[in-house]
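Quick caveat: nothing in here was measured; it's all calculated off a predicted structure. Chain letters run A, B, ... following the sequence lines, proteins first and then strands; every chain starts at 1.
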Number of protein chains: 2
Amino acid sequence: MAAPRANMSYRDIKQVVLDRIHNKIWAPDSLLPSETDLAEEFSSTRTTVNRALRELAEEGYLERKRKAGTRVLNAPVRKAQFAIPLVRDEISETGAEYRYALVQRAVMPAPGWLSARMNIPHGRDVLHLRCMHYAGNAPFQYEVRWIVPDSIPDVLEADFSRSGPNDWLVQKVPFTNLELSFLATKADQSVAEFLDAQAGDPIFTAERITWLRGQPVTLAKLFFAPGYRMTTNL
Amino acid sequence: MAAPRANMSYRDIKQVVLDRIHNKIWAPDSLLPSETDLAEEFSSTRTTVNRALRELAEEGYLERKRKAGTRVLNAPVRKAQFAIPLVRDEISETGAEYRYALVQRAVMPAPGWLSARMNIPHGRDVLHLRCMHYAGNAPFQYEVRWIVPDSIPDVLEADFSRSGPNDWLVQKVPFTNLELSFLATKADQSVAEFLDAQAGDPIFTAERITWLRGQPVTLAKLFFAPGYRMTTNL
DNA sequence: ATCAAAGTTATGTCTATATATATTGGCATT
DNA sequence: AATGCCAATATATATAGACATAACTTTGAT
């Protein structure tokens, strides 16, 4: 059991606090001593204790309110963090060679569901792309993307036959807001063919919509090959 | 454009730095001025600048190394953060009434795949549960769970007929490690029946394994009703 | 020329202290 | 009983200065 001693770093303090929470020395829903008191107990300063508690709160163990104090959360809302790598990097990391192919490119009026979803004026032209990402020879991800060209200079002239829209957009267009969803979809005939799956197979799917200061930028549907799983440890 | 002025908070500084990154004043891969210099520019202190840069690094915009300095990441590895709420809370928040039902309870030798997955001695008895979580009258989640009773006192005596193992475990057993995966599975006959789906429907599935100081605690497979999507904004 | 030691420097963290701000609880007024 | 105001208090954030540590750079010995 970690015992308070002098010269404890904020990391040490975090650990001691965590231990006490686990051992119910500070029970769920109970209040912790004030930062001042803890600083004294740990022969530390309030600044250091503050950092420890602040981080534990960020990690979902504590709840802090001015004047109200610091409270132990009864069901720690542990937060899963997923890095969202570029497909290219995700594939490279497995050691496989990343390959890309453009399947289709078209400029077309925004379909109704897209207008509604991204708040685009009805009938506005959008750029529509379908691409494949391969890990070696195996299909890895099928990408269906819409890009709103209005606020993105040059996008209609960009060449997406050699590298994907993601690479291009990351370079050219920053975004301020992102909505990311994960869901399971059923492979239709076309998706199945591209991903080397059977029609009807369950497909892990990500949908990401990005905005730049209120303006819709792009919507991507990413269909992962069968067997894909997104994993995190914490 | 945010212009440096006196009395900037660490939040202000974060915003200015972000703006400069977006406007390529500090290009990808380039080095930022040192904390000391920035502190001077912002008429602030190194401590405050440090917090701003540290948080931006945590958020995936910057990379920091001692002596080497602070560098702009070219493809910000934005990190998606998902809160992992208890089913109970997730349902309550929608306004629907949370209901729970125990479907099956059994003590059985660990099947081979489970032994391998959780590193349990072959043939060791484990507690196996199947439960349903409803939002109002609609099925929401079908839970298939294995619990390793060895290091968990009383779990074999616990009553899971009124409330779920999740609630119980959260109260009784802290965990130190968690592996969380998301994938798409195909509803088999049994899952389909419980979730009011068709056999073969794509099912968004979570698999979580928890450990306590190296000891396996529990593995849960959570099958969500059709239409479920996990969403986050950032 | 090569490698190891020493110096330099940017970030990492701690101490000490001060001001700011949100929230609570009590008290007085309506 | 309800409302509004005020003081107390815990957290939030800032300043100033110090030492620690990692990593890059230069120097010096072999």
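- With rounding to whole Å, B:Phe42 atom CZ is found 13 Å from D:dA14 atom P.
- Contact check, B:Ser9 against D:dA14: a side-chain N or O comes under 4.0 Å of OP1 or OP2.
- B:Tyr100 and B:His133 have their aromatic ring centers within a separation under 6.0 angstrom.
- Aromatic pair A:Tyr228/A:Phe204: centroids less than 6.0 angstrom apart.
- Per the geometry, CG belonging to A:Asn50 stands 13 Å off P belonging to C:dT15, to the nearest Å.
- A salt bridge is absent between B:Glu143 and B:Arg88; no separation between the charged side-chain nitrogens and carboxylate oxygens falls under 4.0 Å.
- When the side-chain nitrogen and oxygen atoms of B:Thr48 are compared with OP1 and OP2 of D:dT15, one or more of them lie within a distance under 4.0 Å.
- Phosphate contact (OP1/OP2 of D:dA12, side-chain N/O of A:Arg64, threshold under 4.0 Å): present.
- The shortest distance between side-chain heavy atoms of B:Ile209 and B:Leu178 does not fall below 4.5 Å.
- Comparing A:Arg46 and B:Arg54, the nucleotide of DNA chain C nearest to each residue sits closer to the 5' end for B:Arg54.
- With distances taken from any side-chain atom of A:Lys65 to the nucleotides C:dG12, C:dT24, D:dA14, the minimum falls on C:dT24.
- Salt bridge A:Arg64/A:Glu35: present, at least one basic N to carboxylate O contact under 4.0 Å.
- What separates NZ of A:Lys14 from C1' of C:dT13 is a distance of 14 Å, to the nearest Å.
- Taking atom CD of residue A:Glu40 and atom P of nucleotide D:dA10, one finds them 13 Å apart after rounding to whole Å.
- One finds a side-chain N or O of B:Thr70 lying less than 4.0 angstrom from the OP1 or OP2 phosphate oxygen of C:dT11.
- Nearer the 5' end of DNA chain C, as judged by each residue's closest nucleotide, is the contact made by A:Arg51, out of A:Arg51 and A:Ala68.
- Look at A:Tyr10 and you'll find a side-chain N or O under 4.0 angstrom from OP1 or OP2 of C:dT13.
- With distances taken from any side-chain atom of B:Thr45 to the nucleotides D:dA16, C:dT9, C:dA22, the minimum falls on D:dA16.
- For A:Arg66 against C:dT21, a side-chain N or O and a base N or O form a donor-acceptor pair under 3.5 Å.
- Residue A:Thr47 has no polar side-chain atom (N or O) positioned under 4.0 Å from OP1 or OP2 of C:dT17.
- The phosphate of D:dA14 has neither OP1 nor OP2 within less than 4.0 Å of any side-chain N or O from B:Ser44.
- Residue B:Ile13 contributes atom CD1, which lies 10 Å from atom C1' of D:dA14 at whole-angstrom precision.
- The CD-C1' distance, from B:Glu55 to D:dA14, rounds to 14 Å in whole Å.
- The nearest whole Å value for the distance from the CD atom in B:Glu63 to the P atom in C:dT11 is 13 Å.
- Remark: C1' of D:dA23 and CZ of B:Arg71 are 13 Å apart, rounded to the nearest angstrom.
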